[in-house]
Amino acid sequence: MVDDYDVIVIGAGPGGEVVAGRCADGGLSTAVAERELVGGECSFWGCMPSKTLLRPGDVIAAARRVPGAREAATGEIDAAAALNRRNEITNNWDDKYQAAWLEEHNVDVVRGIARLMGTRMIDVSGENGSTRTLTARKAVVIATGTVPAIPPIEGLREIRTWDNRDVTAAPEVPRRLLVLGGGAIGVEMAQAWRSLGAEEVTLIEASERLLPSEEPFAGVEVENAFQEQGIDVVAGALMIAASRTADDAPVTATLEDGREFVGDEILVAVGRRPRTQDLGLESVGIEPGGFIHVGDDLRVEGVDGEWLYAIGDVNGRALLTHMAKYHARCAADNILGNETYASGESRAIPRIVFTEPQVAAVGLTEKQARKQGMRVRTTKCDLSDVAGALVSGEGIEGSIQLVVDEARQVVIGATFVGPGVGDMLHGATIAIVGEVPISRLRHAVPSFPSLSEVWLKLIENYDAQGRTS
Ligand SMILES: Cc1cc2nc3c(=O)[nH]c(=O)nc-3n(C[C@H](O)[C@H](O)[C@H](O)COP(=O)(O)OP(=O)(O)OC[C@H]3O[C@@H](n4cnc5c(N)ncnc54)[C@H](O)[C@@H]3O)c2cc1C
């Protein structure tokens with residue numbers, strides 16, 4: 001059986017859903033093939049359950065900073081209720097609402113494993129052994145995402161470990177949790193499970209500090225908070241072996257310097273690799289296994305005919321849901337004939353680590369900017385400098401920094417650390433994408449008494465430094 005569509009999308013994660021919906025809304029007949037759950041990693045084993053697991057600790061911390069509320073927040077977090085809420089948010093790992101959304105937009109959902117079979121042709125193998133061949137008149141969009149990377153550590157592949165799926169879907173709180181990797185997933189999950197009642201949480205990170213790709217002060221401030229919260233951070237430490245004597249026995253992580261750490265579970269969170277094996281990429285002349293290289297139009301490089309697109313995690317440009325959806329909108333517009341380029345992306349990728357304190361950043365770090373040969377100056381202030389912090393609660397602090405391109409006098413990077421700072425990030429994204437000069441930013445007046453008044457402090461401090469460095 002052959003089915004012809006205008007557009008075929010492989011993978012119905014956030015990227016695939018949005019590109020399919022937008023193409024169909026634009027009048028193109030569209031099908032999306034999905035091998036697991038419509039909604040992808042984000043809805044079921046990523047953003048949504050992880051943020052839900054962090055939320056109770058977040059709310060309690062906020063209440064405990066406010067005299068009056070603090071007295072009402074005296075008990076323990078109810079882990080069972082929190083896990084139940086997580087189950088509701090993932091709809092018990094049932095994708096009926098996401099699938100219904102696609103159907104409402106006239107997108108056909110084809111269940112099964114899709115493989116490219118050459119130019120504009122795809123085979124989808126269903127669970128019952130059937131194969132359906134789909135052909136695309138206009139475009140095929142690859143949106144197959146990523147899977148966890150497993151580092152070559154002795155014993156790690158042989159023992160039972162946790163990946164992002166296990167850690168976000170765990171039915172109960174582990175007593176002792178080891179976390180390998182201090183990036184966004186590692187720090188968020190370490191804190192979530194500690195706040196939900198894990199007695200011992202130990203995070204092992206090879207770099208000297210947490211969140212190594214962000215500004216150095218961000219990782220330091222999160223580590224300080226972790227110390228207060230009873231999370232052990234072992235930084236600058238290379239793990240060389242992992243072992244269990246039995247499947248249900250404790251796991252031992254051995255470091256290069258001989259130290260050993262024991263847990264009941266070990267989360268491996270050291271990065272992601274693209275889901276491009278067994279996708280039939282070789283049938284269109286692309287080497288499988290790596291990220292799929294695309295241009296700013298999201299079309300796959302090295303494939304003639306402008307029919308093949310790759311969006312979201314699988315193209316390796318920015319492994320974040322909102323960026324997958326941005327790619328999806330750009331790709332759909334190109335397919336619909338409205339030429340669009342994902343240009344904003346090269347200047348500003350917003351990213352939020354939802355720990356307590358949060359780390360929210362966009363654009364370049366100071367180091368990245370200097371590496372690109374830019375003449376930059378930073379301006380910094382503390383969240384506690386503004387009245388909004390005082391009214392939000394006691395002890396609210398965290399560093400805020402802008403990186404300014406001195407040649408153009410525009411902001412090119414921003415990092416916010418502190419409770420709830422994530423919601424302030426978009427102002428910085430607009431300033432960076434819009435290339436708003438500092439001289440105009442002075443006239444963007446933040447409300448009193450909001451945390452956004454840090455913008456005034458940042459500009460004041462920038463002016464006070466003078467144009468010296
Ligand atoms: C623990 C965790 C927390 C995260 N938190 C955040 C966050 O707070 N904010 C944020 O922006 N991002 C977050 N992310 C990242 C986010 O989940 C991803 O960036 C996002 O899911 C990427 O979307 P995608 O559509 O590219 O791919 P995916 O969501 O991975 O979806 C790909 C889909 O393709 C399907 N598929 C793959 N191969 C085939 C095939 N051959 N045939 C048919 N279907 C196929 C898969 O089954 C899957 O459904 C988090 C990730 C993790 C792991």
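Starting from 1, each residue takes its place in the sequence as its number. Atoms within a ligand are numbered from 1 in the order they appear, just like the ligands themselves.
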Nearest protein heavy atom with distance in Å, relative to atom 20 (C) of ligand 1: Thr321 OG1, 3.5 Å
Sub-4.0 Å atoms of ligand 1 with respect to non-hydrogen atoms of Trp45: 1 (C), 53 (C)
Sidechain-backbone polar pair: Gln191 side chain, Glu356 backbone, donor-acceptor under 3.5 Å: yes
With sequence neighbours excluded, residues passing side-chain contact (heavy atoms from CB on, under 4.5 Å) with Ser29: Tyr5, Asp6, Arg137
Ala143 neighbourhood, listing ligand 1 atoms whose heavy-atom distance to it stays under 4.0 Å: 32 (C), 33 (C), 34 (O)
Which of the ligand 1 atoms, numbered from 1, are nearer than 4.0 Å to a heavy atom of Gly13: 25 (O), 29 (O), 31 (O), 33 (C)
Within-cut-off N or O pair, Thr168 and ligand 1, under 3.5 Å: no
Any N or O of Ile311 closer than 3.5 Å to N or O of ligand 1: no
Ligand 1 contact on Leu37 by region, counting heavy-atom pairs under 4.0 Å: backbone
Pairwise side-chain contact, Arg329 with Arg22, heavy-atom cut-off 4.5 Å (strictly under): yes
Arg35 N/O under 3.5 Å from ligand 1 N/O: yes
Numbered atoms and elements of ligand 1 in range of Leu320, under 4.0 angstrom, heavy atoms: 10 (C), 11 (O), 12 (N), 19 (O)
Closest contact, heavy atoms only, Ala242 versus Ile153: N-CG2, 4.2 Å
Candidate pair Gln229 and Ser195, rule side chain to side chain donor-acceptor pair (under 3.5 Å), full reasoning: CA-CA 8 Å; Gln229 293 156 8; Ser195 71; over 6 Å; no
Identity and separation of the nearest protein heavy atom to atom 34 (O) of ligand 1: Gly11 CA, 3.2 Å
Rounded distance [0.5 Å steps], NZ in Lys96 versus CD in Glu103: 13.0 Å
Nearest protein heavy atom with distance in Å, relative to atom 35 (C) of ligand 1: Glu34 OE1, 3.3 Å
For atom 29 (O) of ligand 1, the protein heavy atom that lies nearest, with its residue and separation: Glu41 N, 3.0 Å
Within reach of ligand 1, part of Ile185 (heavy-atom separation under 4.0 Å): side chain
Nearest-neighbour protein heavy atom for atom 38 (N) of ligand 1, which is reported as residue plus atom name and distance: Thr144 CG2, 3.4 Å
Sub-4.0 Å heavy-atom contact, Leu319 with ligand 1: yes
Identified salt bridge (charged side-chain N to carboxylate O under 4.0 Å, His left out) counterpart of Glu265 within the set Arg175, Arg244, Arg176: Arg244
Side-chain (Thr144) to main-chain (Ile142) donor-acceptor, under 3.5 angstrom: no
Identity and distance of the protein heavy atom lying nearest atom 30 (O) of ligand 1: Gly145 CA, 3.5 Å
Rounded distance (nearest 0.5 Å) linking atom OG1 of Thr252 with atom CZ of Phe261: 11.5 Å
Ser50 and ligand 1 - part of the residue with a heavy-atom distance under 4.0 Å: side chain
Per-residue contact class, Val38 against ligand 1 - non-hydrogen pairs under 4.0 Å: neither
Proximity of Asn164 to ligand 1 by residue part, where a heavy atom lies under 4.0 Å: side chain
Taking every non-hydrogen atom, the tightest pair across Thr340 and Cys330: CG2-SG, 3.9 Å
Asp304, CG: over 12 other non-hydrogen atoms inside 6.0 angstrom: no
Phe44 CZ to Asn92 CG distance, which is reported to the nearest 0.5 Å: 10.5 Å
Any donor-acceptor N or O pair under 3.5 Å, side chains Gln401, Glu215: yes
Derivation of the side chain to side chain donor-acceptor pair (under 3.5 Å) call for Asp123 and Thr133: CA-CA 4 Å; Asp123 271 2; Thr133 300; 2.8 Å; yes
Ligand-side contact atoms (ligand 1) for residue partner Ala33, heavy atom cut-off under 4.0 Å: 43 (C), 44 (N)
Element-labelled atoms of ligand 1 that are located less than 4.0 Å from some non-hydrogen atom of Glu36: 47 (O)
Protein residue, atom and distance nearest to atom 13 (C) of ligand 1, heavy-atom basis: Cys47 SG, 3.3 Å
Exceeds 12 heavy-atom contacts within 6.0 angstrom, atom CD of Glu154: no
Nitrogen or oxygen of Asp313 less than 3.5 angstrom from that of ligand 1: yes
Atom indices of ligand 1 within 4.0 angstrom of Leu279 heavy atoms, with elements: 41 (N)
Per-residue contact class, Glu188 against ligand 1 - non-hydrogen pairs under 4.0 Å: neither
Top protein contact for atom 5 (N) of ligand 1, by heavy-atom distance: Lys51 NZ, 3.1 Å
N or O pair under 3.5 Å between Gly46 and ligand 1: no
Atoms of ligand 1, numbered as shown, that sit under 4.0 Å from any heavy atom of Gly15: 25 (O)
Pairs involving residues 99-133, ordered by first then second residue, that meet ring pair (Phe, Tyr, Trp, His ring centres under 6.0 Å) (sequence neighbours left out): Trp101-His105
Gly112 heavy atom under 4.0 Å from ligand 1: yes
Minimum side-chain heavy-atom gap Val359-Ile352 below 4.5 Å: no
